[in-house]
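Below: one structure, written as structure tokens.
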Amino acid sequence: METSLVLPIIDISSPDKISSSTAKLIRKACLEHGFFYVKNHGISEELMEEVLRESKSFFNLPLDEKMSLLRRDLLGYTPLHAEKLDPSLTSSTGDSKESFYFGSLEGALAQRYPNQWPPEGEVISWDVETYGASAHSDYGMVTLLLTDGVPGLQVCRDKSRQPRVWEDVPGIRGAFIVNIGDMMERWTNGLFRSTLHRVMPVGKERYSVVFFLDPNPDCHVECLESCCSETSPPRFPPILAGDYIKERFRLTYES
Ligand SMILES: O=C(O)CCC(=O)C(=O)O
Ligand SMILES: [Fe+2]
């Protein structure tokens, strides 16, 4: 059964003076759902709309131009059906989703993982395609999601329950949807929840822009002292962030 989920909407205006009550609200949302909205984040609606417009222009480029930017070392273009976010699915076709990944613009990470960009002035307009992403949780720490308002995103709050119960997460104009990723779940010993989610096709094109905040590749991710005790020992072995992400990508692209 699919219902709409009412997630907390957290006002983060004045981040320099973020009050302890706001921090408490964020903590509560991470404990309860691993998903919430943030509003008054300081990014203008014009900029959010422009980013969605540029995305449409990029994905409307001829396939051979997009393929010339094919994903190398995690970053670049991934064509339709190249990813299967739920590697356990037995169907042979991957997700009905095209992506363009880019990372840091400067610094050591940008040198290690160079971005690929289309030539300037190449992006034009509109296309019709349906995007879907099979059930998965995100790999990193925190994800910020901007959608064009077309529905499709659903979460499953209890991944251990069968059959899975999926609830719609509607977009809220001007707000970002925020969700916790697996490495944050590992750090907090499962206290902060990395919630299973998916995107259902809704019969029309849908654009989303996603920011994945990941630890640096050489970061050791292991249970924080404050999140474990004798009665609640670490549930996940320590991992190196770079190795973990690479393995998740491998499963996504090779299954
Ligand atoms: O497009 C969306 O709403 C979510 C996309 C997503 O879950 C992802 O890229 O990890
Ligand atoms: Fe996701």
Side-chain angles (χ1 to χ4, degrees), residues 2 4-5 7 9 29-30 33-38 48-49 51-56 58-59 71 74-89 94-103 127-157 159 164 166-186 192-215 241 244-253 255:
E2 284 147 23
S4 247
L5 174 62
L7 290 172
I9 305 171
C30 293
H33 303 292
F35 259 85
F36 53 98
Y37 299 94
V38 289
M48 292 165 84
E49 271 158 25
V51 171
L52 286 167
R53 259 197 319 272
E54 289 291 326
S55 305
K56 290 186 186 198
F58 172 77
F59 289 108
R71 183 181 67 99
L74 313 183
L75 303 178
Y77 172 69
T78 64
L80 275 177
H81 308 300
E83 292 180 42
K84 198 193 283 178
L85 284 165
D86 181 353
S88 72
L89 281 182
D95 293 345
S96 181
K97 166 181 189 284
E98 265 182 296
S99 314
F100 180 66
Y101 293 99
F102 58 94
D127 192 13
V128 178
E129 185 55 75
T130 302
Y131 298 105
S134 47
H136 67 284
S137 48
D138 293 346
Y139 316 152
M141 291 162 73
V142 177
T143 304
L144 295 184
L145 173 68
L146 164 67
T147 76
D148 60 0
V150 174
L153 178 65
Q154 297 182 329
V155 300
C156 166
R157 277 189 281 166
K159 44 192 167 197
R164 284 181 178 156
W166 290 98
E167 295 172 288
D168 291 322
V169 178
I172 294 184
R173 203 185 159 84
F176 286 114
I177 296 167
V178 182
N179 66 281
I180 295 298
D182 293 332
M183 281 196 261
M184 183 71 101
E185 187 173 76
R186 297 175 81 99
F192 283 10
R193 302 179 50 192
S194 175
T195 305
L196 207 59
H197 54 283
R198 68 181 185 184
V199 180
M200 295 303 285
V202 287
K204 58 176 174 170
E205 66 177 354
R206 176 181 184 277
Y207 288 85
S208 62
V209 181
V210 193
F211 173 71
F212 297 107
L213 178 65
D214 295 336
Y244 182 76
I245 296 251
K246 278 208 174 127
E247 176 59 9
R248 294 293 299 271
F249 266 88
R250 191 190 65 75
L251 290 170
T252 297
Y253 287 99
S255 56

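Just so you know, ligand 1 is whichever comes first in the structure, and atom 1 is the first atom listed for that ligand.
- Those atoms of ligand 1 with a heavy atom of Asp138 less than 4.0 angstrom away are 10 (O).
- Classified by interplanar angle (parallel below 30°, tilted 30° to 60°, perpendicular above 60°), the ring pair Phe58/Tyr77 is perpendicular.
- Counting protein heavy atoms only, atom 3 (O) of ligand 1 is closest to Arg206 NH2, 2.7 Å.
- A salt bridge between Arg71 and Glu83 is absent, with no side-chain N of the basic residue lying under 4.0 Å from a carboxylate O of the acidic one.
- Within a 6.0 Å sphere centred on CZ of Phe102, other residues, nucleotides and ligands contribute 12 heavy atoms or fewer.
- Annotation: atom 9 (O) of ligand 1 to nearest protein heavy atom, Phe212 CZ, 3.7 Å.
- Among the atoms of His136, some N or O lies under 3.5 angstrom from an N or O of ligand 1.
- A donor-acceptor pair is defined here as one N or O able to donate and one able to accept, closer than 3.5 Å; such a pair exists between the side chain of Lys159 and the backbone of Ser194.
- With respect to the Fe ion (ligand 2), Asp138 has OD1 as its nearest N, O or S atom.
- By the criterion of a heavy-atom distance under 4.0 Å, the side chain of Ser208, and not its backbone, is placed next to ligand 1.
- Contacts with ligand 1 closer than 4.0 Å are made by side-chain heavy atoms of Leu145 only, the backbone lying farther away.
- Less than 4.0 angstrom separates some heavy atom of His197 from each of these atoms of ligand 1: 7 (O).
- Of all heavy-atom pairs between Ala133 and Leu85, the closest is CB-CD1, 3.6 Å.
- The aromatic rings of Phe35 and His197 sit perpendicular, their planes meeting at an angle over 60°, well past the 30° parallel limit.
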Review point. Taking it one step at a time, do Arg193 and Glu185 satisfy salt bridge (Lys or Arg N to Asp or Glu O under 4.0 Å)?
Key: CA-CA 6 Å; Arg193 302 179 50 192; Glu185 187 173 76; 6.0 Å; no
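- Of the heavy atoms in Ile177, none comes closer than 4.0 Å to ligand 1.
- Val199 CG2, 3.6 Å is the protein heavy atom nearest to atom 4 (C) of ligand 1.
- Under a 4.0 angstrom heavy-atom cut-off, Arg198 registers as lying outside contact with ligand 1.
- Arg198 has no carboxylate O lying under 4.0 Å from a charged side-chain N of Asp86, or vice versa, which leaves the two without a salt bridge.
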